[in-house]
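Heavy atoms only: backbone and side chains are in, while hydrogens, waters and symmetry mates are out. Just so it is clear, the model here is predicted, and its values are computed rather than measured. Whatever order the structure lists them in is the order used to number ligands and atoms, beginning at 1.
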Amino acid sequence: MIFDNWDQLEQAVSSCENCRLCETRIQTVLGAGNPKAPILLVGEGPGENEDKQGIPFVGRGGQLLDKLLLHVGLSREKDVYITNMVKCRPPKNRNPMPDEQEACIDYLRSQTALIRPKIIVCLGRIAACKLISPDFKVTSQHGQFFERNNVLLTATFHPASVLRNPPQRGLTVDDFIAIKEKLDELLASELGRDC
Ligand code: URA
Ligand code: SF4
């Protein structure tokens, strides 16, 4: 079911029992940031800190994400909205399973419809495989842009992966620079049209 207002969406998610992840969560994590942001960032699922605080990307990965955003001049509060493929923490931070992602996908669809972002950024393989293409390879396809329904989709490395693999850091910085440039381009062409 697709929700067309935030109150109903928040209510539905906070009491959702559509998949087994409801049994082990402390609380649901819907998302954070600007609900009118031009960029929607999508991770995998809440980790331990996120489950405790009810806010996405607040652990070590989140701190790296904050740094990346700051580095390219994007504000976490104003320019982006951050969420995950699943809104409940998978036990021991395992990957969310395909049936769990499917059970949760309408919440992400609702968020996308409400936010109407210009660019959707998949953070890591899980989001990229579900949102861009099932055989997506982050190592070779990160930083590429794909258009679907007038929205641009792209993927970069997951912050947790960058923490484990320092050589990915530079590539991820470059992807964020390209995302910011793409956004500036889109905003400039919109202004051009209005004149
Ligand atoms: N990793 C994710 O994919 N999402 C979070 O919210 C935190 C860590
Ligand atoms: Fe519901 Fe999504 Fe949580 Fe599963 S992960 S219980 S579908 S909110």
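At a 4.0 Å heavy-atom cut-off, ligand 1 touches Glu44 through backbone and side chain alike. Neither the backbone nor the side chain of Arg20 comes within contact range of ligand 2; no heavy atom lies under 4.0 Å.
Of all protein heavy atoms, the one lying nearest to atom 4 (Fe) of ligand 2 is Cys19 SG, 2.4 Å. Protein heavy atom closest to atom 4 (N) of ligand 1, with residue, atom name and distance, is Asn84 OD1, 2.7 Å.
Inclusion of Cys88 in the first shell of atom 3 (Fe) of ligand 2 is supported: an N, O or S atom falls under 2.8 Å.
Every atom of ligand 2 is numbered from 1 in the order shown, and the set under 4.0 Å from a heavy atom of Arg25 is 3 (Fe), 6 (S). Remark: ligand 2 atoms within the under-4.0 Å shell around heavy atoms of Cys104 are 2 (Fe), 5 (S), 7 (S), 8 (S). For ligand 2 and Ala103, the ligand atoms under 4.0 Å from any heavy atom of the residue are 7 (S). For ligand 2, the atoms lying closer than 4.0 Å to a non-hydrogen atom of Cys16 are 1 (Fe), 6 (S), 7 (S), 8 (S). Residue-ligand proximity, Gly43 to ligand 1, at heavy-atom distances under 4.0 Å covers atoms 3 (O). Distances below 4.0 Å separate heavy atoms of Pro56 from the following atoms of ligand 1: 6 (O). In the vicinity of Tyr107, heavy-atom distances shorter than 4.0 Å reach the ligand 2 atoms 8 (S).
At least one heavy atom of His158 lies less than 4.0 angstrom from ligand 1.
Among the atoms of Gly45, some N or O lies under 3.5 angstrom from an N or O of ligand 1. Of the N or O atoms in Phe57, one or more lie within a sub-3.5 Å distance of an N or O in ligand 1.
Ionic pairing of Lys130 and Glu102 is present here: one or more N-O contacts between side-chain nitrogen and carboxylate oxygen are shorter than 4.0 angstrom. Classification of Arg20 and Asp99 as a salt-bridged pair holds, one side-chain N sitting under 4.0 Å from a carboxylate O.
Between Gln101 and Ile126, the closest side-chain pair of non-hydrogen atoms falls below 4.5 Å.
Within a 6.0 Å sphere centred on CZ of Arg169, other residues, nucleotides and ligands contribute 12 heavy atoms or fewer.
Of the candidates Ala12, Ser15, Cys22, the one placing a heavy atom closest to atom 6 (S) of ligand 2 is Cys22.
Separating the CG atom in Leu9 from the CD atom in Gln11 is a distance of 10.5 Å, to the nearest 0.5 Å.
The aromatic rings of Tyr107 and Phe3 lie parallel to each other, with less than 30° between the two planes, well short of the 60° mark.
Leu41 and Met85 fall within a single hydrophobic cluster, where Ile, Leu, Val, Met, Phe, Trp and Tyr side chains are chained together by heavy-atom contacts under 4.5 Å. In this structure, Leu69 is a member of the same hydrophobic cluster as Leu186, with clusters built from ILVMFWY side-chain heavy atoms closer than 4.5 Å. There is a path of hydrophobic side-chain contacts, each under 4.5 Å, that joins Leu74 to Ile115.
With Lys87 as reference, Leu108 is the one residue of Val29, Leu108, Asn18, Leu21 to meet the side chain to side chain contact (heavy atoms under 4.5 Å, CB included) rule.
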